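I have placed the structure first, in the form of structure tokens, so that the comments after it can refer back to it.
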Protein chains: 2
Amino acid sequence: MAQSGNETPVPRRDTYTPESLLAVAVEVFNERGYDGTSMEHLSRAAGISKSSIYHHVRGKEELLHRAVSRALDGLFGILEEPGASSGRAVERLEQVTRRTAEVLMAELPYVTLLLRVRGNTETERLAMERRREFDQRVTDLLEAAAAEGDLRVDVDLRLATRLLFGMINSIVEWYRPEAGGAAGGEQVADAVVRLAFDGLRR
Amino acid sequence: MAQSGNETPVPRRDTYTPESLLAVAVEVFNERGYDGTSMEHLSRAAGISKSSIYHHVRGKEELLHRAVSRALDGLFGILEEPGASSGRAVERLEQVTRRTAEVLMAELPYVTLLLRVRGNTETERLAMERRREFDQRVTDLLEAAAAEGDLRVDVDLRLATRLLFGMINSIVEWYRPEAGGAAGGEQVADAVVRLAFDGLRR
DNA sequence: GTCTATACCGTGATAGAC
DNA sequence: GTCTATCACGGTATAGAC
């Protein structure tokens, strides 16, 4: 993500960085819920003591903050990608839909946590606000596509955006990258685009 | 819901019953998350002391149990309704889709809580299991509809079921009955069925 | 049916040795 | 960078008066 410059030439072996600790913490947060996770749970999962965790991060909420920020950066990155700003709106919308599903799967644990945040702390409220901002950008895209006459007219646009995101976001409830089985990431993204734009019916 | 027979002729005025206390508790659970809610929070919301709550229920988890049971009873009720067992499968599926959305909105706080349960306690694990059972019943319906040739063949059925439920369930994230505005329950249910079966595209 | 007072434990976080 | 020991606090739940 950030530049891996020429300092610290090779990742160290054993000791934790805030980043590697984050990966562990986010897994636990997603299993037990953020509020349901104690520092004791985290310390056991990381294999170090509670107080060692405080050497790397200021506390539980900093871990949450880092996690949701990473997810949000991934999502907003989609809007900067080439192709997100030219061409027919419905095609841009289709591309954003596919990329959102892909980013969600690529950054699965981080986005999962983001989507479950309820607004109890300042960190959570900030995350919710940025998320709404992203949603709004996509709503704008739907409006543009509707103005170009490419969307059905019998469904409210805000409602459609919400249901579209509902479908995409629900991927976090069951997608697990290791189990390639009947659900590789490509296949999932394809299915989302097909169902969202053309529906279930033959 | 239950019979309002001739005993207890009129609901009492002021004092709490387990049922009326439940309504308050579920609201708070949904705002703060179950784990994020303390008995102190509940007591403030109910306007009685912590210990008074224990007069009505055994503890926090009993409130959770009552809430998710109510949600699950509503959902399984759909499968018993007339029309859910005869006729073309794709039409039964459409009907179940609409009814699921409707029940979700009618029992909004209870279903919301059900959908957010993560499996930390025995109550939660039981709820998750019954929920999976419901999902399976709907997957069966998709299989039947596919066998009758009414569904598109380029999307995996389990995947389609999950995305369908993802769309329906996401209603709890934003639907609020009081704000009739652009989103009456009828309109939402219609939109879900249209998008799920025929897609966004004109 | 509600209250105040309290038991008892797990929580997030810190101090200071190694 | 990690540990053990400890702190103050808030958590669920109970006892017993009114």
Side-chain angles (χ1 to χ4, degrees), chain A residues 7-8 10-68 113 117-124, chain B residues 8 10-68 113 117-125:
Chain A
E7 292 217 350
T8 5
V10 160
R12 292 201 204 78
R13 304 167 306 288
D14 211 356
T15 186
Y16 277 113
T17 63
E19 207 60 19
S20 65
L21 185 60
L22 180 62
V24 174
V26 170
E27 291 296 328
V28 185
F29 286 159
N30 284 330
E31 267 172 39
R32 312 187 58 92
Y34 177 70
D35 285 313
T37 302
S38 72
M39 295 301 278
E40 185 72 30
H41 290 135
L42 292 183
S43 81
R44 271 201 287 266
I48 59 178
S49 71
K50 271 197 294 178
S51 44
S52 294
I53 294 179
Y54 287 94
H55 180 79
H56 301 287
V57 294
R58 302 172 90 94
K60 204 171 115 172
E61 197 167 356
E62 183 178 321
L63 289 165
L64 180 65
H65 182 80
R66 284 172 183 268
V68 296
L113 194 54
V117 132
R118 304 251 39 97
N120 287 352
T121 68
E122 198 53 38
T123 299
E124 300 183 45
Chain B
T8 5
V10 161
R12 291 201 204 78
R13 304 165 309 286
D14 210 358
T15 186
Y16 277 113
T17 63
E19 206 61 19
S20 66
L21 183 61
L22 180 62
V24 175
V26 169
E27 290 298 326
V28 186
F29 287 158
N30 284 329
E31 266 172 40
R32 314 188 56 93
Y34 177 70
D35 285 313
T37 301
S38 72
M39 296 300 280
E40 183 72 31
H41 291 135
L42 292 184
S43 81
R44 270 202 288 266
I48 59 177
S49 72
K50 276 195 290 179
S51 44
S52 294
I53 295 179
Y54 288 93
H55 180 80
H56 300 289
V57 293
R58 303 173 88 93
K60 205 171 117 170
E61 197 167 355
E62 181 177 323
L63 289 164
L64 180 65
H65 182 80
R66 284 171 183 268
V68 297
L113 193 54
V117 132
R118 306 250 40 94
N120 287 352
T121 67
E122 198 53 39
T123 299
E124 300 184 45
R125 283 187 285 276

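Predicted model only: the values in this text are computed from it and were never measured. Throughout, protein chains are lettered first and strands after them, A, B, ... in sequence-line order, and every chain is numbered starting at 1.
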Return the value, rounded to whole Å, for the distance between atom [atom1] of [X] and atom [atom2] of [N].
X: A/His55; N: C/dG12; atom1: NE2; atom2: C1'; value: 18 Å
X: A/His56; N: C/dA13; atom1: NE2; atom2: C1'; value: 16 Å
X: A/Glu61; N: C/dG12; atom1: CD; atom2: P; value: 12 Å
X: A/Arg44; N: C/dG10; atom1: CZ; atom2: C1'; value: 11 Å
X: B/Met39; N: D/dT14; atom1: CE; atom2: P; value: 10 Å
X: B/Lys50; N: C/dT2; atom1: NZ; atom2: C1'; value: 15 Å
X: B/Lys60; N: D/dA13; atom1: NZ; atom2: P; value: 8 Å
X: A/Asp35; N: D/dG11; atom1: CG; atom2: P; value: 11 Å

Categorize A/Ser38 for me: base, sugar-phosphate, or nothing, with a 4.0 angstrom heavy-atom threshold over every strand shown.
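Contact class for A/Ser38: sugar-phosphate only.
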Checking all strands, does B/Thr37 fall into the base, sugar-phosphate, or nothing category for heavy-atom contacts under 4.0 angstrom?
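The answer is sugar-phosphate, as B/Thr37 gets under 4.0 Å only of primed atoms, P, OP1 or OP2.
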Closest to the [X] side chain, choosing from [options]:
X: B/Ile48; options: C/dG12, C/dG1, C/dC3; answer: C/dC3
X: B/Glu40; options: C/dT11, D/dG11, D/dT2; answer: D/dG11
X: B/Ser49; options: C/dC3, D/dT4, D/dT2; answer: C/dC3
X: A/Tyr54; options: D/dT2, C/dG1, C/dG12; answer: C/dG12
X: B/Ser51; options: C/dT11, C/dT4, D/dA13; answer: C/dT4

Looking only at non-hydrogen atoms, find the nearest pair between B/Glu62 and B/His56 and report the distance.
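Shortest heavy-atom contact: OE2-O, 4.5 Å.
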Closest non-hydrogen atom pair between B/Ala67 and B/Leu113, with its separation
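Looks like CB-CD2, 3.6 Å.
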Determine whether the side chains of B/Ser38 and B/His41 contain a donor N or O and an acceptor N or O closer than 3.5 Å.
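Side chains of B/Ser38 and B/His41: pair found under 3.5 Å.
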Is there a side chain to side chain contact (heavy atoms under 4.5 Å, CB included) between B/Val117 and B/Leu64? Walk through the geometry before answering.
CA-CA 9 Å; B/Val117 132; B/Leu64 180 65; 4.2 Å; yes
Polar side-chain atom of A/Lys60 near backbone of A/Tyr34 as donor-acceptor pair, under 3.5 Å
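Answer holds: yes.
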Can you find a donor-acceptor pair, distance only, under 3.5 Å between A/Ser52 side chain and D/dC3 base?
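By the distance-only test, no, there is no pair.
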